[in-house]
Q: 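The structure is given below, and queries will be raised subsequently.
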There are 2 protein chains.
Amino acid sequence: MLKEERQHNILNEVELHNRVLLTDLAEKLDVSIDTVRRDVKELDGENKLVKVHGGAVSTGFANHSPTRNNVYALEEKIVIAQKATSFLKENSVILIDGGTTCLELARLLPANINLTCFTLSLPVAMELLGKPNVETIFIGGMLSKDSQIAIGSNAIHNLSQIKVDYSFIGTGYVDSAFGLTEFDWDIVQTKKAVIQASKKTVLLCISEKLNSQHRFKTCDLNMIDTMITELEPEHPLLESFKNQDLYLL
Amino acid sequence: MLKEERQHNILNEVELHNRVLLTDLAEKLDVSIDTVRRDVKELDGENKLVKVHGGAVSTGFANHSPTRNNVYALEEKIVIAQKATSFLKENSVILIDGGTTCLELARLLPANINLTCFTLSLPVAMELLGKPNVETIFIGGMLSKDSQIAIGSNAIHNLSQIKVDYSFIGTGYVDSAFGLTEFDWDIVQTKKAVIQASKKTVLLCISEKLNSQHRFKTCDLNMIDTMITELEPEHPLLESFKNQDLYLL
DNA sequence: TTAAAAAAAGCAAAATATTGCAAAATACTT
DNA sequence: AAGTATTTTGCAATATTTTGCTTTTTTTAA
C-alpha cells in the first residue's frame with residue numbers, strides 16, 4: 001500500500017470516529033505500529049489531526065471548549081483577530097461586538113496592556129472577565145437568544161452614552177456596493193448605534209462573507225475605517241474594495 | 001480508551017449536569033478514581049471546568065463566595081432554588097441576582113410559564129438564554145471579575161429605571177441582628193439598588209451563611225420579604241429569625 | 001474533638017514514545 | 001542495466017507517560 005493511501009485511510013478513520021488508537025490502525029492497515037506512529041506524527045504536523053498519547057483525535061474534538069465548541073474556519077478567524085490587536089495601545093477604550101471572530105479577538109487581547117473594553121456580547125464578556133488587565137463594561141439590554149448580544153432600545157440608548165477609540169465589529173454580509181447588511185433588523189439597529197459610538201470602526205470579516213448581501217442594511221462601506229480579512233491585500237477578491245475609502249489590513 | 005476521549009466525556013458530563021461526582025465518573029468511565037481525579041485536575045488547570053471537593057462543576061457554576069465550596073453543597077442549593085420557583089406565575093417579571101444559588105434558580109425556572117427576567121449576572125444570563133420561555137434583559141454596567149455581576153453607577157442607574165414583581169437575591173452573610181452584609185462595598189451598593197427595584201424581595205440563603213456577618217451592610221432583615229433556606233422552618237438555627245418581620249420558607 | 005471521606009504523594013508495572021540502526025524498497029544517475 | 005543515493009519500514013534498546021495501588025495528609029461531617 002502507498003504511504004499516501006495509508007495516510008488517507010487514517011484521516012478517514014479519524015474524521016469518522018473522532019478518535020483512533022494506534023494499535024487499531026496498525027492492525028487494520030497491516031503495518032507496524034512504528035509506521036502508523038510516523039504517519040500520524042506527519043499528519044499532526046500538517047494539522048490534519050491531533051496526535052495524542054496512544055492515538056489521535058480529530059482537530060474539532062481536540063478543541064472542546066464550552067464557549068468555542070465548533071467554530072467554523074477557526075484558523076482564519078484567529079489570523080484576523082491577531083491582526084486586529086495591532087490597533088491596541090495602553091489604556092485604549094474599545095468596544096468588541098459579538099460573533100465568533102470578535103470572540104477570538106477577545107481571547108487574543110494582549111495581557112501586557114491595560115484596556116477598557118465595552119461589549120454587548122455575553123460570550124465576549126465571559127472571555128474578558130478572565131483577563132486581569134481588562135476593565136469590562138457590559139452594555140445592558142434585551143438579550144437576543146441566537147446571537148447572544150444585547151439588542152433593543154435599551155442597548156441602543158446605553159450605546160448613545162459612550163464614545164470609544166475603536167470598535168471591532170463583525171457583519172453578516174458585506175459587499176463593496178451595498179455595504180454591510182444583516183438578516184435581522186434588530187441587529188442592524190444595534191450595530192448602527194455601535195458605529196455611532198466609536199471614533200474609528202474596524203470590521204473583522206472572514207473572506208467568505210465578501211461580496212454577499214442580505215435584506216437589512218447596517219451602513220455603507222465609507223462608515224468603516226478599516227476592514228481586516230485573512231487575505232493578503234493584493235488578493236483578487238479584495239479588488240472591488242480597493243477604491244473605497246477603506247484601509248485594508 | 002484514549003485519555004483525550006475520557007476527558008472529553010468528563011467535560012460533556014459536566015456541561016450536561018453542571019456537576020459530577022468523581023466516584024460516578026470513575027464507574028462510568030471504568031477507570032480508577034485516581035485517574036479521574038488526575039483528569040479533572042488537568043481540566044481544571046485548563047479552565048475547562050472547576051474542581052471541587054468530591055467532584056467537579058461547570059465553569060459557569062463556579063462559586064466565588066467566601067464560604068465552603070464542594071459538590072455536595074449544591075444539593076442544598078437546588079432545594080432552595082426549587083422552593084423559590086413556587087413564587088412564579090405566568091408573565092411574572094422577576095430579577096435574579098448572582099451567586100450559585102441564584103444560578104440554580106435560573107436553571108430550574110419552569111419551562112411552561114412565560115417570564116421576563118432581569119439579571120446582573122453573566123452566568124445567570126447565559127443560563128437564561130437557553131430558555132425559550134424567558135425574555136432576558138441584562139442590566140449593564142462594569143463587570144466585577146470575581147462575582148461576575150454588573151456593578152457600579154451605571155448598573156445602579158439602570159436598576160433605578162425598573163420595577164419587578166420579585167427579586168431573588170443572595171447574600172454573602174446574614175445575621176438576625178445585623179441583617180445582610182457583604183465583604184465588598186460595590187456589591188452592597190448594587191444589591192441595595194436591586195432591592196429598591198423590586199416590589200418583593202426573596203433571599204435565597206444556604207444555612208451555613210446564617211448568623212455570620214462582615215464589614216459592609218446591605219440592609220436590615222425587614223427589607224426582605226421572604227427568606228428561603230434548605231432547612232425546615234422549625235430548625236433551631238432559624239430560631240432567631242422567627243420574630244423578625246420575615247416569611248420563612 | 002473523632003471518624004470517615006477525599007486528596008496528595010510516592011511507587012511500580014504496563015503501555016506508549018523516541019531514538020538509532022539496518023534491511024528493503026524506491027528513485028536517480030551514468 | 002548496474003550502481004548509488006534516498007526514502008521507507010521494521011526492529012531493538014532506552015526513555016517517558018499513564019495508570020492503579022498503598023500510604024500519608026488534608027478536608028469534611030457529626
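Computed from a predicted structure; not experimentally measured. To find a chain, count down the sequence lines: A is the first, B the second, and so on, and within it residues start at 1.
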Q: Closer to the 5' end of DNA chain C via nearest nucleotide, is it Leu21(A) or Asp34(A)?
A: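 Going by which nucleotide is closer to the 5' end, it is Leu21(A).
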Q: Please report the distance, rounded to the nearest Å, between CG in Asp30(B) and P in dT18(D).
A: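 Interatomic distance, CG of Asp30(B) to P of dT18(D): 19 Å.
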Q: With respect to the side chain of Lys3(B), which nucleotide from dT19(D), dG10(D), dC21(D) is positioned closest?
A: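 Closest nucleotide among those given: dT19(D).
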Q: Do any side-chain nitrogens or oxygens of Ser32(B) fall under 4.0 Å of OP1 or OP2 in dT19(D)?
A: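 False: Ser32(B) side-chain N/O out of range (4.0 Å or more) of dT19(D) OP1/OP2.
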Q: Is the NZ atom of Lys28(B) crowded by more than 12 outside heavy atoms at less than 6.0 Å?
A: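 Not buried by this count: 12 neighbours or fewer within 6.0 Å.
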Q: Do the side chain of Arg38(A) and the base of dG10(D) come within less than 3.5 angstrom through a donor-acceptor pair of N or O atoms?
A: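 Yes.
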Q: Please classify the nucleic acid contact of Leu22(B) as base, sugar-phosphate, or nothing, using heavy-atom distances under 4.0 Å.
A: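 Sugar-phosphate, backbone atoms only, no base.
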Q: What is the separation between atom CG on Leu25(B) and atom P on dA7(C), rounded to the nearest whole Å?
A: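 It works out to 11 Å between those atoms.
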Q: Taking Lys3(A) first and then Asp39(A), would you say they form a salt bridge - that is, a charged N and a carboxylate O separated by under 4.0 Å?
A: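 Result for this pair is no, no salt bridge flagged.
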Q: Under 4.0 Å, heavy atom to any atom of DNA chain C: which of residues 44-53 of chain A qualify?
A: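 Those residues are Lys51(A), Val52(A), His53(A).
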Q: How close or far is atom P of dA15(C) from atom CG of Asp24(A), stated in whole angstroms?
A: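 Checked: the CG to P distance equals 14 Å.
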Q: Charged N to carboxylate O below 4.0 Å: is that the case for Arg19(B) and Glu75(B)?
A: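 Salt bridge between Arg19(B) and Glu75(B), a charged N being under 4.0 Å from a carboxylate O: yes.
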Q: Flag yes if more than 12 heavy atoms outside Lys48(A) fall under 6.0 Å of its NZ atom; otherwise flag no.
A: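 No, not enclosed.
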Q: Tell me whether the rings of His214(B) and Phe183(B) are parallel (<30°), tilted (30 to 60°) or perpendicular (>60°).
A: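 It falls in the perpendicular class, over 60°.
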Q: Please say whether more than 12 non-hydrogen atoms of neighbouring residues, nucleotides or ligands are located less than 6.0 Å from CD in Glu46(B).
A: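 Yes, enclosed.
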Q: Can Ile96(B) and Cys117(B) be said to form a side chain to side chain contact (heavy atoms under 4.5 Å, CB included), step by step?
A: CA-CA 7 Å; Ile96(B) 300 182; Cys117(B) 186; 3.8 Å; yes
Q: In whole Å, what is the span from the CD atom of Glu230(B) to the P atom of dA29(D)?
A: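 For the pair Glu230(B) CD and dA29(D) P, the rounded distance is 12 Å.
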Q: Under 4.0 Å, heavy atom to any atom of DNA chain D: which of residues 4-16 of chain A qualify?
A: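 Within this stretch, Arg6(A) sit under 4.0 Å of the strand.
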Q: Check this for me: Glu4(A), atom CD, are more than 12 non-hydrogen atoms of other residues, nucleotides or ligands nearer than 6.0 Å?
A: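 It does not: Glu4(A) CD has 12 such atoms or fewer within range.
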Q: Can you tell which of dT18(C), dA7(C), dT19(D) lies closest to the side chain of Thr35(B)?
A: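 That would be dT19(D).
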Q: How about CG on Asp146(A), more than 12 heavy atoms from neighbouring residues, nucleotides or ligands closer than 6.0 Å, or not?
A: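 Buried by this count: over 12 neighbours within 6.0 Å.
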Q: Expressed as a whole number of angstroms, how long is the span from Leu2(A):CG to dT9(D):C1'?
A: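 Leu2(A) atom CG is separated from dT9(D) atom C1' by 14 Å.
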Q: In whole angstrom, give the distance that lies between atom CG of Asp39(B) and atom C1' of dT19(D).
A: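 Spelled out: CG on Asp39(B) to C1' on dT19(D) is 10 Å.
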Q: Measure CD/Glu42(A) against P/dT9(D) and give the value in whole Å, please.
A: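 Whole-Å distance recorded here is 10 Å.
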Q: Between dT18(D) atom C1' and Arg37(B) atom CZ, what is the distance in whole Å?
A: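 It works out to 16 Å between those atoms.
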